[in-house]
> 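Here you go, one structure.
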Amino acid sequence: MIRADHILRSFGLSRRRPTAFDLRPDPATRDGLAAGLGLQALPELHFAGEIRPAGKADFELTARLRARAVQACVVTLEPVETVVDEVVARHYLADAPAPASGETEMPADVDSDPLPDMIDLLTVAAEALVLALPLYPRAPGAVLDAAAAAPAGTEAAPQTPAKPFAGLASLPRTPRADDDA
């Protein structure tokens, strides 16, 4: 079982049996990852699983991601903690076609990637974490109402439907050449 390093060299992976890993980054690494992902904190991150051979040259990664992440509430900016417990699966293809320069097309199986020279388990965990976190975290009871949306010292706009062309009737009309009829 690999514990210390988070980078696995593809050519060093066993072609006969699974390679197990157990990634538990230290606080400094979690702090750096939190800053890079725009999180307030990442008090816990555990990524454990295995990479097993699939076919002649491909590999499959299956792992469990457990994390606690703290994000800012989109309404109040208060800290909101999210607990993540996800299964992560990736399929690495040794003979994946290289994308044409300038254009890339999403493959039919979005969990398939070309087999890299090195598999960075921390990057795989960070990608899975970003996908599992809420896009707009809200603190319990946080409500965005009209009064909260107005700048300090001003009144909120009335909640009536917008009528963008209502003022056109009051504009002076300029006659056109074909208006003679």
Side-chain angles (χ1 to χ4, degrees), residues 1-100 103-142:
M1 170 146 341
I2 297 173
R3 286 187 171 269
D5 198 5
H6 61 86
I7 296 179
L8 303 176
R9 296 187 186 283
S10 299
F11 66 84
L13 295 173
S14 173
R15 298 288 324 140
R16 298 180 192 266
R17 64 183 191 285
T19 302
F21 59 87
D22 188 0
L23 180 66
R24 296 174 190 254
D26 61 17
T29 303
R30 288 193 319 267
D31 289 347
L33 188 58
L37 298 177
L39 303 173
Q40 290 182 342
L42 188 58
E44 179 185 336
L45 179 65
H46 182 204
F47 189 57
E50 63 185 19
I51 299 177
R52 65 178 48 244
K56 291 184 178 182
D58 300 340
F59 288 93
E60 290 181 353
L61 177 147
T62 54
R64 187 169 187 182
L65 173 68
R66 294 184 197 166
R68 283 187 307 126
V70 180
Q71 299 171 277
C73 171
V74 295
V75 177
T76 65
L77 299 180
E78 292 179 29
V80 177
E81 185 175 288
T82 302
V83 176
V84 174
D85 190 354
E86 297 276 328
V87 173
V88 178
R90 294 280 174 89
H91 193 101
Y92 293 104
L93 305 174
D95 295 326
E103 291 187 26
T104 58
E105 186 173 315
M106 292 296 289
D109 183 3
V110 294
D111 288 334
S112 293
D113 295 311
L115 180 65
D117 292 335
M118 293 182 272
I119 298 172
D120 186 341
L121 297 172
L122 190 59
T123 299
V124 174
E127 290 171 355
L129 177 62
V130 166
L131 292 173
L133 290 173
L135 289 176
Y136 305 104
R138 284 191 179 216

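Predicted model only: the values in this text are computed from it and were never measured. For the single chain, residues carry numbers from 1 onward in sequence order.
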> To the nearest 0.5 Å, how far apart are OG in Ser10 and OH in Tyr92?
8.5 Å
> For a side-chain contact (heavy atoms from CB on, under 4.5 Å) check, start with the C-alpha distance between Leu61 and Leu121, then their side-chain angles and the critical distance, and finish with the verdict.
CA-CA 10 Å; Leu61 177 147; Leu121 297 172; 3.9 Å; yes
> In Å and rounded to the nearest 0.5 Å, what is the CG to CZ distance from Leu37 to Arg30?
13.5 Å
> Between Glu86 and Arg64 (salt bridge meaning N to carboxylate O under 4.0 Å), is one present in this structure?
no
> Within this structure, what is the CG-CD1 distance for the pair Leu122 and Ile7, rounded to the nearest 0.5 Å?
8.5 Å
> Within a strict 4.5 Å, meaning less than it, do heavy atoms of the His46 and Asp22 side chains meet?
yes
> Is the shortest side-chain heavy-atom distance between Leu33 and Leu39 below 4.5 Å?
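No, too far: nothing below the 4.5 Å cut-off.
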> Between Phe59 and Arg15, is there a side-chain heavy-atom distance shorter than 4.5 Å?
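Side-chain contact under 4.5 Å: yes.
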> Compare every heavy atom of Cys73 with every heavy atom of Ala139, then report the nearest pair and how far apart it is.
N-SG, 3.2 Å
> Please report the closest heavy-atom contact between Pro137 and Ala72, naming both atoms and the distance.
CG-O, 3.3 Å
> If you take all heavy atoms of Ala94 and Asp58, which pair is closest and at what distance?
N-OD1, 2.8 Å
> For residues Thr29 and Asp31, determine if any side-chain heavy atom of one lies less than 4.5 Å from a side-chain heavy atom of the other.
no
> Will you find, in the side chains of His6 and Asp120, an N or O donor that is under 3.5 Å from an N or O acceptor?
yes
> Considering only NZ, NE, NH1 and NH2 on the basic side and carboxylate oxygens on the acidic side, decide whether Arg90 and Glu127 come within less than 4.0 Å.
yes
> Mind listing the closest non-hydrogen atom pair of Ala34 and Ala41 along with its distance?
CB-C, 4.0 Å
> Quick one: are Thr62 and Glu50 in side-chain contact, heavy atoms under 4.5 Å?
yes
> Would you sort out whether Thr82 and Gln71 count as a side-chain contact (heavy atoms from CB on, under 4.5 Å), showing the intermediate values?
CA-CA 8 Å; Thr82 302; Gln71 299 171 277; 3.7 Å; yes
> Passes salt bridge (charged side-chain N to carboxylate O under 4.0 Å, His left out), Glu44 versus Arg66? Steps please.
CA-CA 8 Å; Glu44 179 185 336; Arg66 294 184 197 166; over 6 Å; no
> Please examine the side chains of Arg9 and Asp117, heavy atoms only from C-beta on, and report whether any two atoms are closer than 4.5 Å.
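Of all side-chain heavy-atom pairs linking Arg9 with Asp117, none is under 4.5 Å.
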> Could you tell me the separation between the CD1 atom of Ile51 and the OG1 atom of Thr19, rounded to the nearest 0.5 Å?
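It comes to 6.5 Å.
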> Please examine the side chains of Asp85 and Leu65, heavy atoms only from C-beta on, and report whether any two atoms are closer than 4.5 Å.
no
> Can you name the closest pair of heavy atoms from Ala57 and Leu115 and give their distance?
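Result for this residue pair: O-CD2, 3.9 Å.
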> Evaluate the side-chain proximity of Leu13 to Leu8: yes if any heavy-atom separation is below 4.5 Å, no if none is.
yes
> Please report the interatomic distance CD(Gln40) to CD(Glu78), rounded to the nearest 0.5 Å.
10.0 Å
> Mind checking the CZ-OG1 spacing from Arg138 to Thr76? Nearest 0.5 Å is all I need.
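One finds 9.5 Å between CZ of Arg138 and OG1 of Thr76.
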